[in-house]
Amino acid sequence: MDALIDLLLDWIGENSAYQTSDLDPPAVVELGPKELTREYYYGRAHLIPEDGVDDRLNAIYIANEGPEGTIFILSPDQIDGAENFADPRDNPLWREILLHELVHHAQHDHGAETWTCISLSESEAYQMGGAFLREMNVPDPMKDRTASDKIYKSCDG
């Protein structure tokens, strides 16, 4: 996993203004859908969907969890296409999810928490994820990254 994280951080460094060569990696914890949902809704259990799973969640980055932050991410075997890989961590769709959260880690390291509109961090992470998938020649499962980008850039939410 360390080599994969280094590879993705290098990609972020090469494809953004973020300096990632000396960036300490966050911890990465793989969870099932119910566990990820519980982590996301920690302290707000009354908001957890009735079936215990928020299908919109793939991963979350918590900057103040652990010494370098923590990424909680769906187990790679939970991601579409996992069955096509001897190691589901080789699935570019799972790697894009991890990359998205590593973008947040780089943003945090560079002061993103001081942004007037924190939603801009999502816009950037989604756009970088799309670029990563294009570079890998993998169809993007997000039907319209442009629409998501506009929503996040509006800073209305």
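The first residue of the sequence shown is numbered 1, and numbering continues consecutively from there.
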**Asked** What residues, two or more places apart in sequence or in another chain, satisfy side chain to side chain contact (heavy atoms under 4.5 Å, CB included) together with Ala106?
**Response**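 Scan of Ala106 (side chain to side chain contact (heavy atoms under 4.5 Å, CB included), adjacent residues dropped) gives Ile12, Tyr18, Thr20, Leu23.
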Donor-acceptor pairs under 3.5 Å, side chain of residues 40-52 to any protein atom, not counting sequence neighbours: which ones?
{"unit_1": "Tyr41", "atom_1": "OH", "unit_2": "Asp54", "atom_2": "OD2", "d": "2.5"}
{"unit_1": "Tyr41", "atom_1": "OH", "unit_2": "Arg56", "atom_2": "NH2", "d": "3.3"}
{"unit_1": "Arg44", "atom_1": "NH2", "unit_2": "Tyr40", "atom_2": "O", "d": "2.5"}
{"unit_1": "Asp51", "atom_1": "OD1", "unit_2": "Val53", "atom_2": "N", "d": "3.0"}

**Asked** In chain order, what residues pass the salt bridge (Lys or Arg N to Asp or Glu O under 4.0 Å) check against Glu96, with sequence neighbours excluded?
**Response** Arg145
**Request:** List the atom of Leu133, the atom of Pro141, and the distance in Å for their closest heavy-atom pair.
**Result:**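 Looks like CD1-CD, 3.8 Å.
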**Prompt:** If you take all heavy atoms of Asn91 and Ala82, which pair is closest and at what distance?
**Reply:** ND2-N, 3.5 Å
**Prompt:** Counting distance only, does the side-chain N/O of Asp109 pair as donor-acceptor with the main-chain N or O of His105 below 3.5 Å?
**Reply:** no
**Asked** Do Phe85 and Pro92 come within less than 4.5 Å of each other through their side chains, counting heavy atoms only?
**Response**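 Yes, side chains in contact.
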What is the distance from atom [atom1] of [X] to atom [atom2] of [Y], rounded to the nearest 0.5 Å?
X	Y	atom1	atom2	result
Leu93	Arg95	CG	CZ	11.5 Å
Asn15	Phe132	CG	CZ	10.0 Å
Ile5	Leu7	CD1	CG	11.0 Å
Leu98	Leu102	CG	CG	4.5 Å
Ser123	Met128	OG	CE	11.5 Å
Ser121	Tyr61	OG	OH	11.0 Å

**Linked, directly or transitively: Val103 and Ile60 (ILVMFWY side chains, under 4.5 Å)** = yes
**Message:** Test: salt bridge (Lys or Arg N to Asp or Glu O under 4.0 Å). Region: residues 4-18. Which pairs qualify, not counting sequence neighbours?
**Reply:** none
**Asked** How would you list all residue pairs meeting salt bridge (Lys or Arg N to Asp or Glu O under 4.0 Å) that involve residues 21-35, not counting sequence neighbours?
**Response**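 Matches after skipping sequence neighbours: Glu30-Arg89, Glu35-Arg38.
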Side chains of residues 65-80: which donor-acceptor partners sit under 3.5 Å, not counting sequence neighbours?
{"unit_1": "Thr70", "atom_1": "OG1", "unit_2": "Glu65", "atom_2": "O", "d": "2.7"}
{"unit_1": "Ser75", "atom_1": "OG", "unit_2": "Leu31", "atom_2": "O", "d": "3.3"}

**Asked** Taking only residues two or more places apart in sequence or in another chain, which ones pass ring pair (Phe, Tyr, Trp, His ring centres under 6.0 Å) with His100?
**Response**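 Listed in chain order: His104, Tyr126.
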